[in-house]
Amino acid sequence: MPPFKDEQIIIIAPGSETTVAQLGLPESFTPARLRVRSRMFPAEKEGEWEPYKVRRRQENPAAKAGDAQNGVSEGAAKTIVDGEEDEIQYEEDRVSEEGAVWPLQEGKIVNWSCFFALITHVYNTMNPPFHTPILLIAQPAWTPREHEKLTQFFFEKFKTPAFSVMDAALATSWAYGVHTSTVIDVGKDKVDITAISEFIPHTQGRIVALPGCGGEALTQGLLSKLKSKGLNRAMCEQLKKNAICEMLPVGVPIPGTSDSGDLDAITNPAAAASTGALGSGPAAASAIGNIPRGPGADTEVGDDLNAEDNEGVLDVASIVAGGRMEEYIAKIDKQKQEKATAPKKGAGALAAQAKAVKLPNSKREKATFMYEDHALLDTLKGMNLGTKGMADAQAALDEGPQKKGPEVTDGADGEPKSAVEALEAGSATSRTGPIRREIEVGPERFQAGSGGVLEKIADAVHRTISSVSEVNKRSELWDSLIICGNGSRVKGFKDALLSTIQARYIISPSSATIFTSEIPSNISTPTGTGANTPQPQLGPHGGSSQVNPLLLAATTAQNPHLMHPGNPLMGLSTHNSHSSHGQTPTSIKLVKPPEYFPEWKDVGFDESAFLGAQVAAKVIFVVDQGQSKGYMTRPDYNDQGPTGIHDYSL
Amino acid sequence: MNISNSTTAPNAGEYAGDEVSAIVLDPGYSTTRAGFAGEDVPKSVCPSFYGHIDSDPPHYLFGENAIHDPLGNLQIKNPWGSDGIVEDWDTATKVWEYAITSRLTGNRPGDPTKNGLNDGNANGNGEAMDVDMEGLENLENMEKPLEDSPLLMTEPGWNSVKAREKYIEIAMEEWGTPAFYVQKTGVLAAFASGKASGIVIDVGASHTSVTPVLDGMVLKKGVQKSPLAGNFVSNQIRMIFKQAQPEIPLTPHYLVKTKTPVDAGAPAQATYKTYDIPPLDSFRYNEEERVLTEFKESVVEVWPGPGRFTNGTNEEIAKSLPGRPFEMPDGWNQLFGSERYRVSEGLFDAGAALQDADNPRPKDEHTIPRLVQAAVQQVDADQRPLLLQNIVVTGGSTLLYKFNDRLNYEINTLYPSTRNKLIAPGPLVERKYAAWIGGSILASLGSFHQLWISRKEYEEHGTNIVEKRCR
């Protein structure tokens, strides 16, 4: 078999929300070129699937004529004329997701035929030549049996010459180039947490598909807070992706609440008495920097938005569907005009607005974002308005580009998000794209994690690392956390998660331990009288001036011990080996992302599993050429069948 | 092809290649281990505990993620009885099934799309992916989780006849396995260390057992068990906390929102979490157990000898040794001195165990040295030296620091004239999963082929066949 070349390699990484893939490895590794929403639409015939929504449409002759020049949906939409009946037309709607089937749920493959159709679609889109090895990134939730099924599928459907499966968490650690790490992969509906030591994932204790913790949970968290204000799920989803939605670290107060709102402020009176500080812990520390903010100038801006807001957040789709569209459009028009005149009212308002803009998002009480109303578009499409009516309605309803909303949020749309969004944003600029409206939200936007998402993840991280039986490896695992996955894209998520973990699990240097664990015990310690004991470095919890009686006990305890040097079982060497049995973690850190991938730096390392897969693909297919059984070849498959994959995959 | 030498793996055909998909299930009180035969570690290690919400219909939750999620009114239960034999068969079946399906086969019963595809795939041609959706309803009833995998299960040495028959009944009727075998954990643990004869000391969560194995057969009358194991040590730790002045509060992680560093011995300053509908006490107990496990890993030490902990000046020496600190989830921390020896001493010396009203003094004959003694007693005198040369130590609780030193001391005191050798595998997975690993080795041996009880035999002879065939 001729050796594989870089440009022949296919990498596919399916996810619950997005499946990414690429044909060929570029010189410098780039984020995946092909991004597909992980969903298919059931075709007419059961068991067959279409990549796009196919709408059945009754054509009226007039629109039919116009159809040839400007397609009703995208220019790319092709109409399939049904053989029997000329009147029934089918059009592909590339934006709509109505009736879609998502074959991956919580990382598990729940609908195999749909999943296979998705993979086939991805494969065909890349249009690969023959002799393409395939590397599949596997979700941790996939079982060995499912790996076999996939192996069979890839060999028999695509006749691939070589195939390998790589665990997503392992791929992530390859991307970061670290041998020991704890990978926290935040997905759509689930979180996977894997402890990897020396490139070997600990399968026994890994947390697979922790439900209710992914990006969807954050959306639901926003929804639960904003439902009363009339926002629906789709709005919250887009709000979550917007830069104004942010998760604040533990102890950072939510703007508008004068005190730290999410903390119940149980600051210990005892601590206040002894340390003289107002409170204790990170909450108090951050409270010091917390300048109380009353309703400032920015609310003024918000005020006249509010009037519109009352209408704006309503479910426009249902109004339109209810046939009151004209009425609504008229209202919108009126508001638009008012709005246009508003800035003329006075320079003062403008200045106030500009001032508000300068404040960082986390300090502002209110912010607005552009909402792309897909549901409304779908409703319009379903109304058979015809080409002209459709365009008119869209123009009337769209508040997007022609209106200059608060500048801050406008730019946020183009924020470096995942490439999907960039792609979608691109399509949105076309006139037929989704209808945009402006929505303002208050401090609720900081409460995406209010459902306890971070706590759940933090607890799972603790369980994962605690399940590693080699106690001495744990502290290294705590020191190398990797938070990845598109669910963690929400602004501030990583910091908030890290601070949650730290607030709950970090073991602070105990005042009783400084002589037993910090100093090697064979170095003689200060004499036990406490007279020449150095002032203990009590660190965060401020020193008490008296000598701690426990310290005294700890130091005096050393002496008789040193008087029994003859006892081999109590030798110092054995003691030192036990010192690795100390509790963990004493520190918690994130791994720094690799710096030598410029293309990845721009978009962030949330999909680093794909980067790792590129590295791995290069190594196993090109460098190693199968010598260390990094992949399964077709002859291997013919010999051993699907079960052989376990001998080959990484 | 590779030229085989000592370092290359054997070809699939060398071992029973057609049996590689056998599944080995090693259920225990704390965890249930499952995996494919021929692999070196079980791929699936699931807690044997399960969640139960009393509602109508009752709601059961399985798996690591579910049992640590503080849901309202959640209680945590365990299907094992206090005698080391499964008590609640219905949920035990579900727990085990979860261990197999969640991480190994993924073949969830009642998931029609998957089941349908299995059959489509079996055709093996490229068009197989076009599943026919007809007949899925029929398939759903028929599909069972283990339809195409033989199953090797492990059982404790004292398992009752009834329990063994229940094992095969579950495997055959509920899971539809084509072939089944059950083997005692003691034999398998010995196999994992490459021994056909020896004494297996297995200190688990709920029970400690000592099993004499001769030529791959368990000497049934020599099997000893006692409840002095991991859970006993946990209870001892709880008593230390309770009897301390002032009492040491044991707050599990799920109740703590954030903690703040405090001085040793000072009351905790943490922000706590409250739940509208809190989980029930058994949930808290199970979460406390996590803290105790951490305590065992980082603080508890077995008095290594010489002499017992309570003998002579040993306690004084222990007091003088540097203590080890422990920080609770709520930030409370303290140095533990000689107590940390005390909690594990009961395993070896019943008199040294802490006692209170709920925890009476353990029986003398339940301590590990007495168990070993009783087990060896049942063996022919001329076989004893052979057994004592192969003392296999396994089970999670043997990972207590210095456990082996003490065990070695105790056995040498009991049998000063023989050459006694402890075999305690260094790699921790081998120590924890020895019985499973032994099962994995056994089930992948070509010669094991003939031992399987086939479905046909089961149908012919009924559950009783397990008594005849699995000795």
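Chain letters run A, B, ... following the sequence lines, proteins first and then strands; every chain starts at 1.
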Do side-chain atoms of [X] reach the backbone of [Y] as a donor and acceptor pair under 3.5 angstrom?
{"X": "A:Glu146", "Y": "B:Thr105", "answer": "no"}
{"X": "A:Arg504", "Y": "B:His253", "answer": "yes"}
{"X": "B:Asn65", "Y": "A:Val208", "answer": "yes"}

| query | Cut-off 3.5 Å, side chains only: do B:Ser149 and A:Arg145 have a donor facing an acceptor? | reply |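 The criterion, which ignores hydrogens and geometry beyond distance, is satisfied for A:Arg145 and B:Ser149.
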| query | So, B:Glu294 and A:Gln583: side-chain donor and acceptor under 3.5 Å apart, yes or no? | reply |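 Yes, because at least one side-chain N or O of B:Glu294 sits under 3.5 Å from a partner of the opposite role on A:Gln583.
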| field | All salt bridge (Lys or Arg N to Asp or Glu O under 4.0 Å) counterparts of A:Asp459, not counting sequence neighbours | value |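 With sequence neighbours excluded, A:Asp459 shows a salt bridge (Lys or Arg N to Asp or Glu O under 4.0 Å) to A:Arg463, B:Arg290, given in chain and number order.
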| Is it true that B:Glu64 and A:Arg206 make a salt bridge, defined as a side-chain N closer than 4.0 Å to a carboxylate O? |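 Looking at B:Glu64 and A:Arg206, the cut-off is not met.
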| said: Taking side chain as everything from C-beta outward and backbone as N, CA, C, O, which of these in B:Asp330 sits under 4.5 Å from a heavy atom of chain A? Side chain, backbone, both or neither. | reply: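 Contact with chain A: none, neither part.
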| With a 4.5 angstrom heavy-atom cut-off, which part of B:Tyr433 approaches chain A: side chain, backbone, both or neither? |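 Only the side chain of B:Tyr433 comes within 4.5 Å of chain A.
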Using non-hydrogen atoms only, which part of [X] is less than 4.5 Å away from chain B: side chain, backbone, both, or neither?
{"X": "A:Phe155", "result": "neither"}
{"X": "A:Ala209", "result": "backbone"}
{"X": "A:Ser466", "result": "backbone"}
{"X": "A:Glu455", "result": "side chain"}

| said: Working note: B:Lys259 + A:Ile507, criterion side chain to side chain contact (heavy atoms under 4.5 Å, CB included); need CA distance, chi angles, decisive distance, verdict. | reply: CA-CA 10 Å; B:Lys259 65 179 179 184; A:Ile507 304 289; 3.9 Å; yes
| request: May I ask you to name which of A:Thr584, A:Thr120, A:Thr203 has the most heavy-atom pairs under 4.5 Å with chain B? | output: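 Maximum pair count with chain B is reached by A:Thr203.
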| said: I'd like to verify something: which residue of A:His646, A:Lys456, A:Glu148, A:Gln502 has the highest number of heavy-atom pairs under 4.5 Å with chain B? | reply: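 With the most close heavy-atom pairs to chain B, the winner is A:Lys456.
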| field | Stepwise side chain to side chain contact (heavy atoms under 4.5 Å, CB included) check, A:Gln204 with B:Lys432 | value | CA-CA 11 Å; A:Gln204 284 81 30; B:Lys432 282 167 92 172; over 6 Å; no
